[in-house]
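Numbers here simply count residues along the sequence, with the first being 1. Numbering of ligands and ligand atoms starts at 1, following listing order. Quick note: numbers below take in every heavy atom, side chains included, and nothing from hydrogens, waters or symmetry partners.
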Amino acid sequence: MVRVRVPATSANMGAGFDSLGIALSLYNTITVEEISSGLVVENQRIGEYIPTGENNLIYRAIKTVFEKVGYKSKGLRIVQNSDIPMTRGLGSSSACIIGGMLAANVISGRQLSYNDILDIATKMEGHPDNVAPALYGGFCTSVMSGSHTVTKSVKIEKPISFMAMVPDFFVLTRKSRVSLPETVTHKDAAYNAGHAALFSLAMATGDFEKLKIAVKDKLHQPYRAAYIDNMEQTFDEAYKNGAYAVWLSGSGPTILAMCSAQNEDFEYNMSRYFESIGQKSSCRRLTIDNVGAIVQVI
Ligand code: HSE
């Protein structure tokens with residue numbers, strides 16, 4: 001039996017569209033066991049629906065690895081226990097994909113490297129900014145080179161907090177990507193390239209005061225704002241309360257704010273703000289996960 005614990009992630013991080021991502025301290029713990037026949041999928045989280053047939057994402061990820069390495073399994077039992085809110089922009093699908101693929105790799109004799117797994121996970125997910133930190137942990141900058149994903153992950157050791165402001169509505173990445181234009185101006189592309197580069201360097205060196213500028217984006221957030229109630233107003237409020245940087249997490253609807261670990265009032269102040277505008281949003285204080293996915297053979 002193999003157990004894999006995979007962290008939640010926040011992708012894009014402002015200007016780093018489809019590139020930057022960070023692992024966070026919420027987890028999906030997935031257990032996979034070979035059985036004599038059939039497929040059994042169990043969800044230990046009461047009240048949350050997940051598909052239990054062959055369309056289950058963890059199962060599809062396992063199958064992708066088995067097909068790639070030519071492994072035939074008689075049957076599988078998959079148990080998921082996840083803290084990661086689904087379809088809220090916190091990498092719930094990536095956690096399923098990485099968890100399933102790592103478990104399948106162990107069951108089928110560890111024929112794939114982590115880089116191979118990152119490549120096929122990116123192909124399945126469509127972009128690398130969630131799957132890379134789910135696998136490696138820390139803060140990751142990733143790019144595609146042909147069919148390969150090239151990523152650099154750094155641990156952030158300075159004490160920082162991440163406030164996940166999770167509204168009670170959901171946004172499908174598929175739908176939210178449709179709102180993005182096919183082409184952008186050279187000026188906007190150059191703007192984002194520079195800002196994402198500064199963001200990466202400022203994060204890696206702990207120069208967090210620069211992030212407020214570096215996080216600015218012209219490629220996706222302005223278009224996605226239409227789907228996210230009070231997005232800009234919430235960004236402004238988070239900055240008023242001392243955030244270093246605020247961004248739409250993945251394709252939303254969660255808004256992530258990064259702030260000093262000493263900023264103890266942030267959560268309370270933002271909860272009061274959401275109450276004052278009549279928006280149902282839960283605020284959760286998270287930390288960075290510098291470890292990434294952990295595999296355990298039981
Ligand atoms: N980079 C992706 C997007 C992340 O913005 O659509 C969503 O999972």
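Hydrophobic clustering places Met258 together with Tyr273 (ILVMFWY residues linked when any side-chain heavy atoms are closer than 4.5 Å, directly or through intermediates).
Here Lys240 pairs with Glu237 in a salt bridge; the nearest charged N to carboxylate O distance falls below 4.0 Å. A salt bridge is absent between Asp265 and Arg272: the closest approach of a Lys/Arg side-chain nitrogen to an acidic carboxylate oxygen does not fall below 4.0 angstrom. Residues Arg77 and Glu42 are paired through a salt bridge, judged by an N-O separation under 4.0 Å between the basic side chain and the carboxylate.
Of the candidates Thr9, Asp18, Val131, Asp18 brings a heavy atom nearest to atom 2 (C) of ligand 1. Distances from atom 3 (C) of ligand 1 to the heavy atoms of Arg177, Glu125, Met13 show the closest one on Arg177.
Considering backbone and side-chain N/O of Asn130, one or more are found under 3.5 Å from N/O of ligand 1. Between Ser251 and ligand 1, no N or O atom pair is found at a separation short of 3.5 Å.
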Exercise. Are Asn12 and Leu248 close enough, and set up right, to give a side-chain contact (heavy atoms from CB on, under 4.5 Å), and what steps lead you there?
Worked result: CA-CA 8 Å; Asn12 295 326; Leu248 186 65; over 6 Å; no

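Taking a cut-off of under 4.0 Å to the non-hydrogen atoms of Phe17, the atoms of ligand 1 that pass are 3 (C), 5 (O).
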